[in-house]
Amino acid sequence: MRLFTHMVFSSAVAMWLVPIAYVPYTLMASVLTTVFIDVIGHTRNHGVIRRTWVTHDWLLSALTTVVPLSIVYVLMFPVPIINLLIINETTLITHLMLDAITGHTFLLTRRLSGGGIEWDNPWANAAFIVLGLLLIVLRL
């Protein structure tokens, strides 16, 4: 999926798992985590962008993404670490779920092939953006 789709959908799902008082911080942390996953988790091979296991592994990315970012966010946001861990893990899982639909993810560095939808499919991206926006509106 496109980066914006990841941001909207992941933030929306994470919002439902933390107290309402932390929702603004959830949006900020989830967007930052999504950008981190996207920047660190991709490499270029002969002009082709590829996902890497560093941030796209169902198990190992908890150590490479969730824990380090949660520790950094404790210094940035007045949110308990347990809530930051929940926000980051939820963001990661929803990101991986969307990536599994549109290509592949990893399990212990082994590639897992996913669905056959193209990452830039306008209908799939629109559907998850609308679903995310609906979840945000219902939460507020």
Self-check item: Check against side chain to side chain contact (heavy atoms under 4.5 Å, CB included), Ile20 and Val23
Solution: CA-CA 5 Å; Ile20 195 78; Val23 165; 3.9 Å; yes
Exercise. Could you please spell out the steps behind the side chain to side chain contact (heavy atoms under 4.5 Å, CB included) verdict for Phe106 and Leu60?
Key: CA-CA 9 Å; Phe106 295 88; Leu60 298 177; over 6 Å; no
Exercise. Please report the C-alpha distance between Val18 and Ile87 in whole Å, then the side-chain angles of each, then the deciding distance to 0.1 Å, and finally whether the side chain to side chain contact (heavy atoms under 4.5 Å, CB included) criterion is met.
Key: CA-CA 8 Å; Val18 296; Ile87 292 165; 3.7 Å; yes
Quiz prompt | Intermediate values then yes/no, side chain to side chain contact (heavy atoms under 4.5 Å, CB included), Phe9 and Ile129 | solution = CA-CA 6 Å; Phe9 187 71; Ile129 288 171; over 6 Å; no
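The aromatic rings of His6 and His95 sit parallel to each other, their planes meeting at less than 30°, with 60° as the upper class boundary.
Contact between Asn88 and Ala29 at its shortest, heavy atoms only, is OD1-O, 4.2 Å. Nearest heavy-atom pair across Ile136 and Met15 is CG1-SD, 3.7 Å. Contact detail for Pro68 and Ala62: the closest heavy-atom pair is CD-O, 4.3 Å. Residue Pro80 comes nearest to Tyr22 through the heavy atom pair CD-OH, 3.2 Å, listed as atom of the first residue, atom of the second, then distance. Of all heavy-atom pairs between Ser11 and Leu27, the closest is CB-CD2, 3.7 Å. Taking all atoms of both residues into account, the shortest heavy-atom contact from Thr34 to Leu3 is CG2-CD1, 3.7 Å.
Between atom CD of residue Glu89 and atom CG of residue Leu84 there is a gap of 13.0 Å, rounded to the nearest 0.5 Å. Atom OG1 of Thr64 sits about 7.5 Å away from atom CG of Asp57, to the nearest 0.5 Å. Annotation: the span from Leu96 atom CG to Thr65 atom OG1 amounts to 8.5 Å, rounded to 0.5 Å. Atoms CG and CG, on Leu59 and Leu107 in that order, are 5.0 Å from each other to the nearest 0.5 Å. To the nearest 0.5 Å, atom CG of residue Leu75 and atom OG of residue Ser70 are 11.5 Å apart. Note that OG1 of Thr26 and CZ of Arg139 are 8.5 Å apart. Values are rounded to the nearest 0.5 Å.
In this structure, Leu138 is a member of the same hydrophobic cluster as Leu131, with clusters built from ILVMFWY side-chain heavy atoms closer than 4.5 Å. One hydrophobic cluster, built from ILVMFWY side chains closer than 4.5 Å, cannot hold both Trp123 and Phe128; they sit in different ones. Linking Ile, Leu, Val, Met, Phe, Trp and Tyr residues whenever their side-chain heavy atoms come within less than 4.5 Å places Val74 and Leu92 in a single cluster. Note on Trp119 and Val130: separate hydrophobic clusters, where clusters join Ile, Leu, Val, Met, Phe, Trp and Tyr whose side-chain heavy atoms are under 4.5 Å apart, directly or indirectly. A continuous path of Ile, Leu, Val, Met, Phe, Trp and Tyr side chains, each step under 4.5 Å between heavy atoms, connects Ile82 with Leu17, placing both in one hydrophobic cluster.
Judged by distance alone, the side chain of Tyr73 and the main-chain N or O of Pro78 form no donor-acceptor pair under 3.5 Å. Judged by distance alone, with hydrogens and angles left aside, the side-chain atoms of Asn125 form a donor-acceptor pair with the main-chain N or O of Asn121 at under 3.5 Å. Here the side chain of Trp16 pairs a donor or acceptor atom with the backbone of Leu135 at under 3.5 angstrom. Side-chain atoms of Thr55 come within 3.5 Å of backbone N or O of Ile37 as a donor-acceptor pair.
When side chains are defined from C-beta on, Asn83 counts as touching Ile86, because their heavy atoms get closer than 4.5 Å. Considering only heavy atoms from C-beta on, Val66 comes within 4.5 Å of Leu85 through its side chain.
Counted within 6.0 Å of OH on Tyr25, heavy atoms from surrounding residues, nucleotides or ligands total 12 or fewer; the atom is thus considered open.
Under 3.5 Å, the side chains of Ser10 and Thr91 contain no donor-acceptor pair of N or O atoms.
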